[in-house]
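Encoded as structure tokens, the structure appears first; notes follow it.
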Amino acid sequence: MKHFPRSLFARTALTLALAFIVFQAAAFWVVYRTLIVPVAERSADDLAGLIVLSAQTWVELPPQTRAAFERELARRHGLRLTTVDIGATADAPHFAFRTQIESALSSRVGDEVILHGVPGTDAAWLDIPVGGHDLHVGFFPRRYAVKPPLAAIAVIALGTFLSLLTALFLVRRITVPLARAADAAGQVGAGELPEPLPETGPAELAELARRFNTMAAEVRALLDNRTTLLAGISHDLRTPMTRLQLNLEMLRDAPSPARIDRAVADLADMNRLIIGYMELARTTQAEGRVRFDLAQLLEEAAVDAGLSWPGMTPCMIETGRLAVRQIVSNLIQNAQRYGGGAPIDLVLECADTLARVIVRDAGAGIPDDQLEKVFRPFYRLETSRSQATGGTGLGLAIVRQLAEANGLKVVLRNRPQGGLEAVLEIRR
């Protein structure tokens, strides 16, 4: 087993080759037993009958006509009859189906017949005692030997060979994409983004390549988010930690309630940042699906955010309830932070197959080329990274990851009359 091929193609090719060799051997054996051997036995029996009949005819002919009969037998059938000792040796030349011929002659003569040969010739000879004469009969085995059906054997061999090539070609078409996927998986495991696999070929392999490409892109995005998250943590925590350290150093010389309050505020900022990081980390896992009333959930979210909610008829959906609640809350908070102080509209559209939650504000909106970028962790339209003006930069990133993990869709678009509209789509 040490030298047994390890690749799928090599193992499959070897297995197919062995299977086709066994098939070829079985096919040849069947042809030999059912075609060649019966034909050889029939041919041997016909030859034995011809020899015995010729010998009996020779005996019954007048002596003066026997020479002409002998010449006619030699010309037409390649048989020679003579009473002259031809000097036969103990054994005839080897030829195929000799056993069948001897058996057929023995059966016709009524006694055991053994073929002999004459040195320097390919003829086979036998002795037949008929009518008081000891006749010597000779014939050429090549003339009566059964020729194997080479055409049939060639067709079987060619069909087997073409079948093997076709099978290997098909196996190759399957194993090559799998080998590419294995190499690409190794690159993904090393943290690299491989070249996209060709999404061609049979439907199953094309779907496999499509899903692998999607997975590789998601893994790359996850690694990028991790890097961004670590960079954001180090950046956002450094400022409050520096202020906290400065206040503590100054408290050594001049204790002050105001400095203590600022230190406590810095700790609160740090705690809020850590909570945001933990929420972002938890959004990669899907929540269990439950059936609930979306209208009731929006009423709870509106009350918590201080919004007016006119109420709606029940809208039953089945998805992660906590995920929907957090998405709606984050969208409302984002609208309140950037809406310029104008009232926030919370709207529910409930159709047969789709429920849509819309949060509208009257703020400055977002440039069209940045509507997708704001879903990245720590991406802010304002660059100060101040907690007071820009938040942590994680709210919309949490919204997007929660939506993707639970099979939901969130889009942002600018309103023609000004402001931003965030839409959460839920399949019913």
Side-chain angles (χ1 to χ4, degrees), residues 268 271-273 275-276 278-280 282-283 286-366 371 374-375 380-382 387-428:
N271 186 57
R272 185 166 57 253
L273 288 171
I275 291 174
M278 296 301 296
E279 290 178 351
L280 181 63
R282 286 195 296 267
T283 57
E287 183 185 345
R289 298 170 65 87
V290 296
R291 189 167 181 81
F292 62 94
D293 183 8
L294 180 58
Q296 182 181 358
L297 182 143
L298 295 184
E299 183 177 358
E300 296 173 2
V303 171
D304 292 344
L307 302 179
S308 60
W309 173 252
M312 287 283 296
T313 57
C315 180
M316 303 304 297
I317 61 173
E318 185 174 346
T319 187
R321 191 181 193 281
L322 295 179
V324 173
R325 175 61 188 272
Q326 184 163 0
I327 290 173
V328 173
S329 297
N330 283 16
L331 292 178
I332 292 175
Q333 292 174 11
N334 191 73
Q336 289 175 332
R337 180 176 291 116
Y338 300 105
I344 305 300
D345 293 332
L346 182 61
V347 180
L348 172 60
E349 296 178 356
C350 194
D352 292 337
T353 59
L354 184 68
R356 301 170 76 242
V357 178
I358 305 173
V359 180
R360 299 188 180 105
D361 65 57
I366 298 176
L371 286 173
V374 294
F375 287 109
R380 297 171 184 163
L381 294 178
E382 59 87 33
Q387 297 293 317
T389 60
T392 62
L394 296 176
L396 291 179
I398 292 174
V399 166
R400 173 56 62 86
Q401 291 196 16
L402 274 174
E404 291 180 349
N406 290 275
L408 311 176
K409 182 179 180 181
V410 176
V411 294
L412 299 179
R413 51 176 174 250
N414 290 303
R415 303 172 63 190
Q417 64 272 36
L420 188 69
E421 182 177 82
V423 181
L424 169 63
E425 295 183 353
I426 307 169
R427 292 288 176 184
R428 300 189 65 189

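- In this structure, Trp309 and Leu346 have side chains that are in contact, with non-hydrogen atoms separated by less than 4.5 Å.
- A distance of 7.5 Å separates CG in Leu297 from OG in Ser329, rounded to the nearest 0.5 Å.
- In this structure, Ala305 and Ile332 approach most closely via the heavy-atom pair CB-CG2, 3.6 Å.
- Of the possible donor and acceptor atoms, one in the side chain of Asn414 sits under 3.5 Å from a partner among the backbone N and O of Ile366.
- Using modelled atom types, no side-chain atom of Arg413 and backbone atom of Leu371 make a donor-acceptor pair closer than 3.5 Å.
- Leu412 approaches Phe375 most closely through the heavy-atom pair CG-CZ, 3.6 Å.
- For the side-chain contact (heavy atoms from CB on, under 4.5 Å) with Leu331, the lone residue among Val399, Ile358, Val423 that qualifies is Val399.
- The side-chain heavy atoms of Leu294 and Cys350, taken from C-beta on, include no pair separated by under 4.5 Å.
- Heavy-atom minimum distance, Ala342 versus Ala362: CB-CB, 3.7 Å.
- Summarising the geometry, atom CD belonging to Gln296 is positioned 6.5 Å from atom CZ belonging to Arg321; distances are rounded to the nearest 0.5 Å.
- In this structure, CG on Leu348 lies 5.5 Å from CG on Leu298, to the nearest 0.5 angstrom.
- Leu420 places none of its side-chain heavy atoms less than 4.5 Å from the side chain of Val359.
- Ile398 is listed as a side-chain neighbour of Gln326, based on a closest heavy-atom distance under 4.5 Å.
- Between the CD1 atom in Ile327 and the CG atom in Leu408 there is a gap of 5.0 Å [rounded to 0.5 Å].
- Arg400 contributes atom CZ, which lies 9.5 Å from atom NZ of Lys409 (distance to the nearest 0.5 angstrom).
- Shown here for Arg428 and Ala355, the closest heavy-atom pair between the two residues is CG-N, 4.0 Å.
- Taking all atoms of both residues into account, the shortest heavy-atom contact from Leu307 to Gln336 is CD2-NE2, 3.9 Å.
- With a 4.5 Å cut-off on side-chain heavy atoms, Met316 and Asp293 count as touching.
- Residues Leu402 and Asn406 approach most closely at O-ND2, 2.8 Å, considering heavy atoms.
- Formation of a donor-acceptor pair under 3.5 Å by the Arg289 side chain with backbone atoms of Glu318 is found in this model.
- Taking 4.5 Å as the limit, some side-chain heavy atom of Arg427 sits within range of a side-chain heavy atom of Leu354.
- In this structure, the side chain of Glu300 does not engage the main chain of Arg325 through any donor-acceptor pair within 3.5 Å.
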